[in-house]
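A note on names: the letters A, B, ... follow the listed sequences, proteins ahead of strands, and every chain is numbered from 1. Computed over heavy atoms, backbone and side chain alike; hydrogens, waters and symmetry mates excluded.
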Amino acid sequence: EEVVVFAAASMKTALDAVAADFQSATGHTVTISYAGSNALAKQIIEGAPTDIFLSAAVNWMDEVEKAGLVTEGTRADLFGNTLVLVAHGTDAAPVEIGPGLDLAGLLGDGKLAMAMVDAVPAGQYGKAALESLGLWPSVEASVAQSENVRAALMLVSTGEAPYGIVYATDAVADDAVTVVGTFPDDSHKPIVYPGALLTGAADAADRAFFEALSSDAGDAKFAAQGFAILN
Amino acid sequence: MTLRIALKHRFEGFSLDLAFEAPAGVTALFGRSGSGKTTVINAVAGLFRPDEGRIAADGVVLLDTGAGRCLPPHRRRIGYVFQDARLFPHLTVRQNLLFGRWFAPAGPDVGPGVGLERIVALLGIAPLLDRRPATLSGGERQRVAIGRAILSNPRLLLMDEPLAALDEARKGEILPYLERLRDELGLPILYVSHSVAEVARLATTVVLMEAGRVTAIGPASTILSDPAIAPVMGLREAGAMISARVVAQEADGLTRLDTGAGPVWLPRIEAAEGATVRLRILAQDVMLATRRPEGISALNILSVTVRDIHLGEGPGALVRLSAGEATILARVTRRSVDALDLRAGRPVFAVLKAVSVARENVGRAGP
Amino acid sequence: MTLRIALKHRFEGFSLDLAFEAPAGVTALFGRSGSGKTTVINAVAGLFRPDEGRIAADGVVLLDTGAGRCLPPHRRRIGYVFQDARLFPHLTVRQNLLFGRWFAPAGPDVGPGVGLERIVALLGIAPLLDRRPATLSGGERQRVAIGRAILSNPRLLLMDEPLAALDEARKGEILPYLERLRDELGLPILYVSHSVAEVARLATTVVLMEAGRVTAIGPASTILSDPAIAPVMGLREAGAMISARVVAQEADGLTRLDTGAGPVWLPRIEAAEGATVRLRILAQDVMLATRRPEGISALNILSVTVRDIHLGEGPGALVRLSAGEATILARVTRRSVDALDLRAGRPVFAVLKAVSVARENVGRAGP
Amino acid sequence: MTDWLTPDEWRAVALSLRVSFWATLVSLPFGLLVAYALARWNFWGKPLLNGVVHLPLILPPVVTGYLLLIIFGRRGAVGQVLDEWFGVVLAFRWTGAALAAGIMAFPLMVRAMRLAIEAVDPRLEQAAGTLGASRPWVFATVTLPLILPGVIAGAILAFAKAMGEFGATITFVSNIPGQTQTLPSAIYAFLQVPGGEPQAARLVAIAIAIAMAALLLSEWVARAVARRISGQ
Amino acid sequence: MTDWLTPDEWRAVALSLRVSFWATLVSLPFGLLVAYALARWNFWGKPLLNGVVHLPLILPPVVTGYLLLIIFGRRGAVGQVLDEWFGVVLAFRWTGAALAAGIMAFPLMVRAMRLAIEAVDPRLEQAAGTLGASRPWVFATVTLPLILPGVIAGAILAFAKAMGEFGATITFVSNIPGQTQTLPSAIYAFLQVPGGEPQAARLVAIAIAIAMAALLLSEWVARAVARRISGQ
Ligand SMILES: Nc1ncnc2c1ncn2[C@@H]1O[C@H](COP(=O)(O)OP(=O)(O)OP(=O)(O)O)[C@@H](O)[C@H]1O
Ligand SMILES: Nc1ncnc2c1ncn2[C@@H]1O[C@H](COP(=O)(O)OP(=O)(O)OP(=O)(O)O)[C@@H](O)[C@H]1O
Ligand SMILES: [Mg+2]
Ligand SMILES: [Mg+2]
């Protein structure tokens with residue numbers, strides 16, 4: 001049996017590990033297509049032959065659900081993430097993230113790297129957090145928006161931008177950046193990765209893999225990458 | 001085959017407006033640079049579409065702007081030797097030569113030596129067969145172009161100054177071949193050349209052009225012996241064409257001919273006894289004498305009668321002579337006209353050296 | 001200016017190996033198609049680099065492969081009229097003509113009518129000035145190319161069959177101009193042509209080429225009157241060059257000249273009395289007589305002595321005659337040689353029609 | 001070699017080659033036709049055709065991919081017809097990736113060929129006509145051989161572009177290993193996760209090596225052709 | 001017009017035009033030089049140059065953008081030099097966007113020009129040489145006018161590509177409204193949010209309109225030039 005999964009690209013490392021275990025345990029094949037959540041959602045809506053959708057954004061899962069392609073009762077918020085402020089270098093001093101943070105001062109004439117603040121989830125969360133902390137107006141002009149959160153991290157990593165706002169999961173493996181602070185959970189809507197079994201999924205293997213994601217072993221792989229395990 | 005041509009076209013600064021009929025044989029278009037010769041030929045080939053025009057070869061209408069008919073070039077079966085050779089740079093000389101073969105109607109090689117080997121030998125391009133055109137010399141290129149056109153087995157050949165880039169020796173080899181195409185294959189040729197000698201030798205019909213118009217047309221013998229037209233061609237080239245019958249090939253390498261006005265000896269002419277050939281006798285090669293000259297190297301002395309005398313602008317005069325049926329022109333000075341008291345009706349002797357009728361001025365009699 | 005040329009080069013199937021020296025004046029390269037004329041000229045222009053070679057113009061070394069020296073074409077100041085006109089398609093005729101001006105060393109127009117208007121009028125291209133080359137006729141293109149090369153104010157002119165595409169009338173206009181360039185500007189010219197008449201008229205020196213080698217070289221008068229060389233050029237073109245002094249312009253349009261072997265009358269020659277001109281007298285235009293002919297239209301009867309007789313392969317013979325200092329050739333049949341009992345040392349009369357020395361065979365005496 | 005590429009990566013390399021090869025090959029005749037039409041014919045709607053051909057260049061690749069998805073997807077107008085009438089499914093197949101790559105590369109291919117066609121001396125084509133060759137034959141025997149360097153240039157541009165194409169492909173046919181995951185998609189996936197850069201770099205090196213090899217080959221062929229024409 | 005475009009969108013349009021214009025203009029002489037070198041000169045490292053020129057075509061744009069960042073960023077080898085010696089900063093500036101667009105468009109420009117140069121009859125250049133024109137002058141007075149249609153084609157290809165360039169640009173200079181937010185970035189942003197398609201479509205229409213206008217203009221100019229040469 002083949003299980004086809006459309007998954008947000010940011011899940012690749014953990015999901016590949018889970019899939020590898022699943023394949024060797026069951027003999028089923030798992031084929032995973034990694035791309036941006038928006039592209040995947042559109043493809044699913046256009047009839048992509050997919051069994052499972054793992055989105056990095058709630059709104060795109062909503063779109064798929066609206067199109068009636070989610071198997072009833074299977075949608076679940078699987079993983080969570082946190083938003084962190086990273087700085088270039090290994091010896092950056094930690095900061096207290098709150099309304100009193102002089103982020104603009106820290107930046108100087110440097111840029112604050114973020115994902116696109118109106119379009120990409122990480123950017124949207126980051127903007128919301130800065131707004132709720134009252135920091136947005138002071139830094140708005142200094143924000144460099146990247147295509148995605150990885151590109152934002154790269155800007156910090158190469159030192160082009162002194163600071164950046166990225167997911168905790170992205171920051172873990174990069175030695176060239178330091179996490180200098182974590183945004184309070186209440187400064188933005190919860191960051192969740194919803195997953196669902198799609199209506200096209202017919203066989204047991206699909207369901208089995210979907211369940212494997214929430215198994216302890218699966219959770220461990222995701223936790224190792226820095227994801228929070230929900231439910 | 002008769003070719004009927006009528007064209008009207010206006011370029012900026014040049015307009016073409018002519019109509020003529022080219023009977024079978026070789027029709028020479030003769031005129032100054034820029035007089036429209038290439039344009040006419042292009043129209044026949046279908047490469048140039050005039051504002052108005054009608055071109056028909058025998059029954060076949062090639063172009064009729066009135067009826068909106070225009071046969072595309074590849075359906076006209078017309079071989080064209082371009083003024084600029086236009087060889088295909090990506091093909092070898094051999095492939096260039098055989099290009100037309102791919103498209104020519106099936107059938108065995110027609111006529112005398114239209115085969116590749118024959119043409120290649122004639123044109124002296126055997127060593128070039130595997131070369132590409134880019135590095136050929138100017139004359140080599142032109143020879144390949146001639147071969148290519150002939151080998152496409154056309155029903156009409158257009159040649160735009162085909163021999164201009166060639167040396168005399170090569171010309172001398174190719175001209176008889178063109179004559180054979182004309183006579184044995186009956187292949188009609190529309191021929192552009194600035195060389196009166198070439199035209200005189202090949203042409204059945206001469207069309208004189210000036211500024212896009214036809215100023216004279218007629219059988220080559222008539223046009224070329226017309227004293228009124230002589231200045232157009234250059235006085236040096238004025239001359240008359242007469243027919244002569246080969247009477248005997250003599251031992252010392254001379255051929256004896258009968259012209260109707262007396263015997264004429266010329267250097268060996270390759271023709272059977274009894275055959276008719278055409279001789280072009282340049283006016284300036286003819287000397288006149290009131291008494292039969294003696295002890296003189298000239299072999300040919302004809303009794304003729306002065307028909308009329310055309311005084312030109314310069315110190316010269318063209319004297320038209322009746323030699324039996326034929327007409328001969330002589331170019332002399334006015335001073336001699338006076339000294340010899342030449343006038344219409346006076347019988348005189350025309351002196352002609354045997355060697356002065358150049359090989360290239362002896363042609364086979366056209367059809 | 002003296003041009004020294006030595007070249008060695010091997011193409012596949014063709015090798016060039018020659019050395020010659022071209023003195024001031026016009027040097028004609030003469031040879032069959034494919035004999036290497038264009039290749040030599042290209043080497044002089046710097047467009048072709050031979051395996052080995054040395055080319056020097058006066059003191060200036062243009063090429064010396066031994067010393068690794070090769071002046072780029074634009075530093076050679078050599079005007080080149082190409083066999084294919086090579087006009088710039090994106091420029092108008094006027095811009096083509098003036099192209100070389102942009103780069104020519106500064107200074108006023110030198111010499112007789114090297115100005116644009118003069119050249120344009122001479123070449124008859126005034127109506128074309130604002131056209132682009134694409135639609136020019138073959139001859140028009142060549143004329144523009146000639147003008148372009150001359151107007152670039154070169155110190156040496158290379159001309160590769162410049163007049164081949166032109167009609168006789170136009171040639172007749174351009175040739176005297178080239179003579180003036182040669183004589184009045186002292187512009188040296190390397191000239192390729194298949195026309196002996198052109199060569200005879202213009203050339204100071206003739207270089208005969210065959211298969212990449214020089215077979216003969218010498219002053220034009222010597223080479224062209226050498227009976228041994230005559231067959232190469234075509235027997236019809238064999239002839240001798242003699243110098244003559246203008247004695248008087250007579251009332252009936254004739255010019256009286258003194259040749260050293262007696263007076264000669266020719267149609268008006270535009271030269272002052274006392275001037276020296278060169279006449280080319282074709283062997284076939286000369287008749288021999290043992291008695292002075294009378295009552296004959298030929299005006300010019302010279303007393304000469306037979307020097308030697310060259311029997312060719314055919315029925316003809318070339319008779320070399322001493323006319324005072326000068327040499328004249330006569331082409332007669334063997335039959336006449338026998339009939340008149342011609343042999344070396346015998347005094348005879350050479351008969352020459354006034355009109356048979358064509359205008360194009362009268363040139364100004366070269367430098 | 002096998003050590004440092006996973007099976008999935010191998011498949012991505014093989015797929016990229018297959019996709020690029022077929023994208024180039026199949027678009028070649030269409031490219032030639034369109035280039036010829038643009039260079040030589042005058043017809044109504046020529047500017048429109050010219051514009052449409054250039055579209056993939058102008059639009060962000062994502063947009064092109066999205067349009068392809070809408071048109072050629074399973075539910076797309078053309079996609080449905082192709083599926084029902086011919087049984088051809090493009091969406092989420094390697095064929096779709098080839099379509100995307102071909103369309104993205106099309107303007108480059110057409111431009112190169114068009115320039116080559118415009119440089120052919122029409123007088124040579126006329127000469128071929130007088131020798132009896134009809135239009136199609138003139139094209140086959142004269143025009144085509146003369147524009148061969150341009151055709152090769154167009155093809156290699158298209159191939160290179162197809163090798164590098166990513167945005168439209170991933171948008172149209174997703175990134176399914178073994179089916180639609182081309183080299184660039186695989187590189188993209190690695191770049192999206194922490195620590196994926198070294199793997200991405202390896203794949204980039206492979207992409208460069210392949211493209212360079214293709215480039216050298218094409219240059220060599222084009223030079224050989226040009227040398228023949230110049231007769232050296 | 002002003003109603004249906006927000007000020008930010010207006011700025012994106014203006015910026016895209018500016019970026020594409022300068023990217024095309026500045027890369028023109030370099031493109032010409034490289035095209036000439038590839039077409040006419042023989043030098044060591046020619047295949048390498050040829051390969052490097054094609055790289056942006058082969059690599060996923062993100063990779064190109066990343067490489068640009070490493071080389072031309074503030075800390076990049078070249079970027080530092082430019083900054084310290086000339087005070088030129090590319091990172092996060094529209095100039096950087098122009099650089100990215102120019103580099104992505106470079107292979108297209110070079111190919112078009114190279115084909116045009118290869119089609120020039122060297123015998124015309126020789127003729128110019130005999131008339132006294134040195135190499136540079138021959139280029140300026142003969143070669144350049146003759147390849148003008150190819151240069152225009154190359155420029156318009158580059159302009160179109162620059163208008164559509166997105167991946168390398170956003171990776172290199174990010175997306176700062178008014179500074180580096182080009183039309184494709186704006187379109188991309190709309191496509192990232194559900195229901196953004198209509199807005200994206202509006203911007204796509206504008207991009208198409210601009211590119212078509214440029215295309216028509218270039219065709220018209222190229223035709224005028226070609227007509228002059230053919231003498232009609
Ligand atoms: N498209 C055109 N526009 C304007 N004039 C033209 C065009 N085509 C030809 N001409 C002119 O028409 C005239 C006739 O040209 P054509 O080529 O027929 O001359 P030709 O008799 O062959 O001359 P040549 O002996 O020099 O080859 C020339 O003056 C030429 O400039
Ligand atoms: N690159 C080359 N490779 C091989 N053969 C060549 C090359 N270039 C020239 N040739 C040959 O060299 C010979 C001389 O050529 P060239 O052009 O000098 O002749 P030419 O005397 O000018 O003849 P024409 O009167 O026909 O113009 C020709 O046979 C030609 O085919
Ligand atoms: Mg002509
Ligand atoms: Mg030559």
Side-chain angles (χ1 to χ4, degrees), chain C residues 38 41-42 44-49 71-93 95-106 128 130-136 140-141 144-145 147-160, chain E residues 28 32 35-37 39-43 112-156 218-232:
Chain C
T38 301
I41 281 202
N42 278 341
V44 175
L47 303 181
F48 162 70
R49 196 169 171 164
L71 214 59
H74 68 277
R75 305 259 308 279
R76 297 192 178 192
R77 288 196 52 211
I78 287 178
Y80 192 158
V81 180
F82 295 90
Q83 202 165 358
D84 47 339
R86 301 201 196 175
L87 301 182
F88 303 122
H90 58 296
L91 301 180
T92 61
V93 167
Q95 289 165 333
N96 265 284
L97 289 170
L98 292 176
F99 190 91
R101 278 290 159 95
W102 302 350
F103 307 105
L128 312 176
D130 294 319
R131 296 252 303 272
R132 270 168 227 282
T135 58
L136 297 185
E140 287 165 348
R141 221 168 280 176
V144 176
R148 184 178 68 171
I150 293 174
L151 284 168
S152 74
N153 197 8
R155 59 181 171 197
L156 168 63
L157 201 53
L158 307 176
M159 309 189 89
D160 201 350
Chain E
L28 211 67
L32 211 45
Y36 194 85
R40 287 288 165 86
W41 296 340
N42 266 320
F43 52 93
M113 293 179 180
R114 178 175 169 185
L115 276 170
I117 292 170
E118 283 170 342
V120 170
D121 188 347
R123 292 177 310 165
L124 289 178
E125 297 175 323
Q126 289 183 343
T130 66
L131 291 165
S134 60
R135 278 286 180 97
W137 274 112
V138 171
F139 182 80
T141 57
V142 177
T143 319
L144 191 57
L146 288 176
I147 63 172
L148 215 49
V151 172
I152 294 170
I156 195 66
S218 79
E219 289 285 328
W220 184 81
V221 173
R223 199 129 39 134
V225 169
R227 214 180 7 239
R228 288 185 71 186
I229 292 180
S230 78
Q232 260 103 59

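At a heavy-atom cut-off of under 4.5 Å, chain C is reached by E:Pro145, E:Leu146 from residues 143-155 of chain E, listed in order of number.
Counting heavy-atom pairs closer than 4.5 Å to chain E, the top-ranked of the candidates C:Ala45, C:Gly100, C:Gly79 is C:Gly100. Among C:Gln95, C:Arg148, C:Arg86, the residue with the largest count of heavy-atom pairs under 4.5 Å with chain E is C:Arg86. Ranked by non-hydrogen atom pairs under 4.5 Å with chain E, the options C:Phe82, C:Tyr80, C:Phe99 are led by C:Phe99.
Heavy atoms closer than 4.5 Å to chain E are found in the backbone of C:Ile78, but not in its side chain. Proximity to chain E (any heavy atom under 4.5 Å) is restricted, for C:Asp84, to the side chain, taken from C-beta onward. Residue C:Leu87 touches chain E through its backbone alone, counting heavy-atom pairs closer than 4.5 Å.
Across every non-hydrogen atom of E:Leu124 and C:Phe88, the tightest pair is O-CE2, 3.3 Å.
When C:Ser152, C:Pro154, C:Pro73 are each tested for a side chain to side chain contact (heavy atoms under 4.5 Å, CB included) with E:Leu131, only one passes: C:Ser152.
Not one N or O on the side chain of C:His90 forms a donor-acceptor pair closer than 3.5 Å with the backbone of E:Val225.
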